[in-house]
Amino acid sequence: TTNRKLSEYDLLEQWGKKVVVKAKYDGKICALKKYTVMNAESRKKFERETKILQRLKHRLIVQIEATFSEGNEFFVQMPFYPMNLAEWNEQKFPTFLELKNIFNKILHAISYVHREGIIHCDIKPSNILMTAEGEPVLADFDVSRDLTKLTATRTLVYGTADYMVM
C-alpha cells in the first residue's frame with residue numbers, strides 16, 4: 001500500500017459502470033481498478049486479488065504497480081493495456097498461426113498460475129489483455145482461488161457462466 005491519493009491521478013475515462021479506468025499518474029498512463037468495500041467479504045475479495053497478483057511474477061500476468069485506499073474505496077494501479085483479446089481479434093483479424101502463438105502464451109501463463117497453486121476461475125477473452133506489441137497478459141484475478149490457502153472441503157463455483165465447463 002502506498003500513500004497515494006485519487007486526486008493525484010488524471011482520470012482519462014469516467015468510472016460510470018466501469019471497475020477499471022484509464023488514468024495518468026506522474027506522467028505515465030496506467031489502469032486504475034476500484035473496489036468499493038462495503039463489508040468484510042468485499043474487503044477479503046480486494047485483499048485476495050492483490051495478494052495473489054503480488055505473488056505472481058510473470059511477464060504474461062498483469063502486475064500491480066501500487067495500491068491505496070480512500071474511505072471505503074480501494075484502488076489498484078496496473079499497467080494500461082490498449083485492448084483485450086476479443087477486441088484485438090475483431091480489429092486485427094489474426095491468422096491461424098498468430099492465434100496459435102497467442103493461445104500458447106496464454107496456456108504458458110495459466111500453467112505458471114497453476115504451478116503456484118492458483119486457479120483463475122474466470123478465463124475469458126475480456127480477461128486476457130493485449131499489449132501494444134500484441135502480447136497477451138492474463139488479468140482479473142478477483143474470483144481466483146489460492147489452493148495453498150484452502151482449509152475446508154467444500155465445492156464453490158466461481159466464474160462467468162458462458163465460459164465455464166459443466
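FYI, side chains are in, hydrogens and waters are out, and symmetry mates aren't considered; it's all heavy atoms of this structure.
Hydrophobic cluster membership is shared by V62 and F74, with clusters built from Ile, Leu, Val, Met, Phe, Trp and Tyr side chains linked at under 4.5 angstrom. Linking ILVMFWY residues whenever their side-chain heavy atoms come closer than 4.5 Å, directly or via other members, places I106 and M83 in the same cluster. Hydrophobic clustering (ILVMFWY, side-chain heavy atoms < 4.5 Å, transitive): V20 and F141 are in distinct clusters. Under the 4.5 Å side-chain heavy-atom criterion for Ile, Leu, Val, Met, Phe, Trp and Tyr, L32 and I29 are members of distinct hydrophobic clusters. Under the 4.5 Å side-chain heavy-atom criterion for grouping Ile, Leu, Val, Met, Phe, Trp and Tyr, I61 is connected to I64 within one hydrophobic cluster.
With Y25 as the aromatic partner, R4 meets the cation-pi criteria of under 6.0 angstrom to the ring centre and within 45 degrees of the ring axis.
Closest non-hydrogen pair, A31 versus P79, comes out as CB-O, 3.6 Å. K57 and Q54 get closest at one heavy-atom pair: CE-O, 3.1 Å. Between Q63 and L53, the shortest heavy-atom contact is OE1-O, 4.4 Å. In terms of heavy atoms, N84 sits closest to P125 at CB-O, 3.6 Å. Between C30 and E65, the shortest heavy-atom contact is CB-OE1, 4.0 Å.
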- Going through the distances and angles, do D146 and K51 end up as a salt bridge (charged side-chain N to carboxylate O under 4.0 Å, His left out)? CA-CA 10 Å; D146 185 344; K51 284 179 184 173; over 6 Å; no
- Task: List the steps and the verdict of side-chain hydrogen bond (donor to acceptor under 3.5 Å, both in side chains) for Q77 and Y9.
- Result: CA-CA 10 Å; Q77 178 188 322; Y9 288 81; 2.5 Å; yes
- Task: Check the pair K33 / D140 against salt bridge (charged side-chain N to carboxylate O under 4.0 Å, His left out), numbers first and verdict last.
- Result: CA-CA 10 Å; K33 185 171 185 175; D140 205 358; 3.1 Å; yes
- Could you walk me through whether N72 and T36 pass side chain to side chain contact (heavy atoms under 4.5 Å, CB included), step by step? CA-CA 6 Å; N72 69 334; T36 302; 3.7 Å; yes
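Between F68 and F75, the ring planes are parallel. Angles under 30° get that label, and only those over 60° would be called perpendicular.
With rounding to the nearest 0.5 angstrom, the CD atom of E73 is 9.5 Å from the CE atom of M38. Distance check, rounded to the nearest 0.5 Å: CD1 of I110 to CD1 of I119 gives 10.0 Å. Taken from NZ in K5 to OG in S69, the straight-line distance is 11.5 Å, to the nearest 0.5 Å. With rounding to the nearest 0.5 Å, the separation of CZ in R115 from CG in L56 is 11.0 Å. For the atom pair CD of E47 and OG1 of T67, the computed distance is 10.5 Å after rounding to the nearest 0.5 Å.
More than 12 heavy atoms of other residues, nucleotides or ligands sit less than 6.0 Å from atom NZ of K105. Open room surrounds NZ on K24; 12 or fewer heavy atoms of other groups in view lie less than 6.0 Å from it.
Side-chain contact check for W88 versus I102: some heavy-atom pair is nearer than 4.5 Å. Counting heavy atoms from C-beta outward, M78 and L129 have side chains that stay 4.5 Å or more apart. E116 places none of its side-chain heavy atoms less than 4.5 Å from the side chain of V113. At a threshold of 4.5 Å between non-hydrogen side-chain atoms, the residues L99 and N89 count as touching. Between L138 and L60, the closest side-chain pair of non-hydrogen atoms is not below 4.5 Å. For the pair M130/L85, a side-chain contact is recorded, criterion being any heavy-atom separation below 4.5 Å from C-beta on. The shortest distance between side-chain heavy atoms of L6 and K34 does not fall below 4.5 Å.
With hydrogens and angles ignored, the 3.5 Å screen pairs no side-chain donor or acceptor of H120 with any backbone N or O of H114. At least one donor-acceptor pair closer than 3.5 Å links the side chain of E98 to the backbone N or O of T95. Without hydrogens or angle criteria, N127 side chain to D122 main chain gives a donor-acceptor distance under 3.5 Å. Counting only distance, with no hydrogens or angles, the side chain of Y81 and the backbone of I128 share no donor-acceptor pair below 3.5 Å.
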